Novice: 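Structure incoming, see below.
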Amino acid sequence: MPELPEIEVIRKTLSGHLAGLTVSGVTILEPFVLTAAAKQGLTQVIRERVLEVNRWGKCLIIHLSGGKSVLIHLRMTGRLLWSLEEPVTQPATHRHVLWYFSRGREKQGVLTYQDVRKFGRIDVIRKADLKRSEILRRFGPDVLALTKDEFISRLRGKKARIKAVLLDQQVMAGLGNIYADEILFDSGIHPKTEAAGLETGALARLFDSARRILNEAICQGGSTMRDYVHTDGVPGSFQHAHRVYRKTGHACARCESVIESGKIAGRTSSYCPHCQKELKAA
DNA sequence: GTGGCCCTGTGA
DNA sequence: TCACAGGGCCAC
């Protein structure tokens, strides 16, 4: 469900809540969402202190004082919710893991991992081995960490259609279906265009659109379609700024053509047939 | 490359 | 009842 902007918003709020706190307990209700390493290691981080909360693509990484890190990928419907008390009173469906945090002996709150579809994954690994994690091992660099030149060189010459390339986390990590469509619209590139056919100018435009849209979405708290909420339960508002995602049949905000859609790389892609021209290789 | 699969819920 | 959903992996 959540893509880079939503994960970044969660990272920021989580960082504010957890930095400096100590893990005082862990309750595992549904081991299905844990990697083999996490089944062993998740309860071994008790008494460790949170140093930092990072993000790599759509993966959250909580670094702990003992040298281990907890990695959380929410996939489609995962949620991380922070509450001051054990959340027994609220509807408690699909809760899979609970972490209890304290400062000294004083209880500070509970972090709950909730996931309707159970596609999400939680891993525990030594920080030094992070890149070997089941979750991260195939990830390329984070899209917001790339310079324009790096971004261009990673896309240049790829045979696949640009939409598929943007969704490929090995090429760069962080983009998903919503933002890939919005970024392609913003840069006027048709999702079916072969990446190799895009000239440097078009790739540079794509880079600028990506940074602008991702940063704007972060500022607006991300996009809430149905499941996503912040760690504090607040929805995002960037969905109101969507131009093509799930706008099939609507008028394009720029030219009033009818937004079309089709399957690319197994995902529904929406685009404006007039604003987004399919560029052929020269 | 595409399609199926992992899951559950929702809306047409 | 069926298609589809912010993801990603695996086999063909």
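So that the names make sense, note that chain A is the first sequence line, chain B the second, and so on, each numbered from 1. Being a predicted model, the structure only gives us computed values, none of them experimental.
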Novice: Look at all strands and tell whether A/G176 reaches a base, only sugar-phosphate, or nothing, counting heavy atoms closer than 4.0 Å.
Specialist: sugar-phosphate
Novice: Quick one: do the A/S24 and A/R105 side chains pair a donor with an acceptor below 3.5 Å?
Specialist: no
Novice: Send over the distance from A/R121 CZ to C/dC9 C1', rounded to a whole Å.
Specialist: 11 Å
Novice: Say we look at B/dG1 and C/dA5: how far apart would their C1' atoms be, to the nearest angstrom?
Specialist: 23 Å
Novice: Decide, yes or no, whether a salt bridge links A/E134 with A/R121 under the criterion of side-chain N to carboxylate O below 4.0 Å.
Specialist: no
Novice: Tell me whether the OP1 or OP2 atom of C/dC9 has a side-chain N or O from A/R137 closer than 4.0 Å.
Specialist: no
Novice: To the nearest Å, how far apart are A/K247 NZ and C/dA5 P?
Specialist: 15 Å
Novice: Would you sketch DNA chain C in dot-bracket for me? Only Watson-Crick or G-U wobble pairs with both distances under 3.5 Å count, crossing pairs as [ ], other-strand pairs as |, the rest as dots.
Specialist: |||||.||||||
Novice: Assess the side chains of A/D181 and A/H242: does a donor N or O sit below 3.5 Å from an acceptor N or O?
Specialist: no
Novice: Expressed as a whole number of Å, how far does the P atom of B/dC7 sit from that of C/dT1?
Specialist: 22 Å
Novice: Could you state whether A/V33 and A/I7 fall into the same hydrophobic cluster, counting links through intermediate Ile, Leu, Val, Met, Phe, Trp or Tyr residues with side-chain heavy atoms under 4.5 angstrom apart?
Specialist: yes
Novice: Tell me whether A/D142 is salt-bridged to A/R55, with the criterion being a basic N under 4.0 Å from an acidic carboxylate O.
Specialist: yes
Novice: What range of DNA chain B does chain A touch, first nucleotide to last, counting atoms under 4.0 Å from its heavy atoms?
Specialist: B/dG1 to B/dT10
Novice: Taking only side-chain nitrogens and oxygens of A/K263, does any of them come within less than 4.0 Å of OP1 or OP2 of C/dA5?
Specialist: yes
Novice: Find the distance A/L74:CG to C/dG8:C1' and express it as a whole number of Å.
Specialist: 14 Å
Novice: Under the criterion side-chain contact (heavy atoms from CB on, under 4.5 Å), which of A/V110, A/L81, A/L111, A/I28 is the partner of A/L98?
Specialist: A/V110
Novice: Are A/Q44 and A/Q40 close enough that a side-chain donor and a side-chain acceptor fall under 3.5 Å?
Specialist: no
Novice: Categorize A/F32 for me: base, sugar-phosphate, or nothing, with a 4.0 angstrom heavy-atom threshold over every strand shown.
Specialist: sugar-phosphate
Novice: Please give, in whole Å, the distance from C/dC9 C1' to A/D123 CG?
Specialist: 15 Å
Novice: Select from A/V116 and A/A164 the residue whose nearest nucleotide in DNA chain B is closer to the 5' end of that strand.
Specialist: A/A164
Novice: Testing the basics here: between A/L155 and A/M172, what is the closest heavy-atom pair and its distance to 0.1 Å?
Specialist: CD2-CE, 3.8 Å
Novice: Looking at every non-hydrogen atom in both residues, tell me the closest pair between A/E30 and A/K118 and how far apart they are.
Specialist: OE2-NZ, 3.3 Å
Novice: Look at the side chain of A/R226 against the base of C/dA5 and say whether a donor-acceptor pair falls under 3.5 Å; ignore hydrogens and angles.
Specialist: no
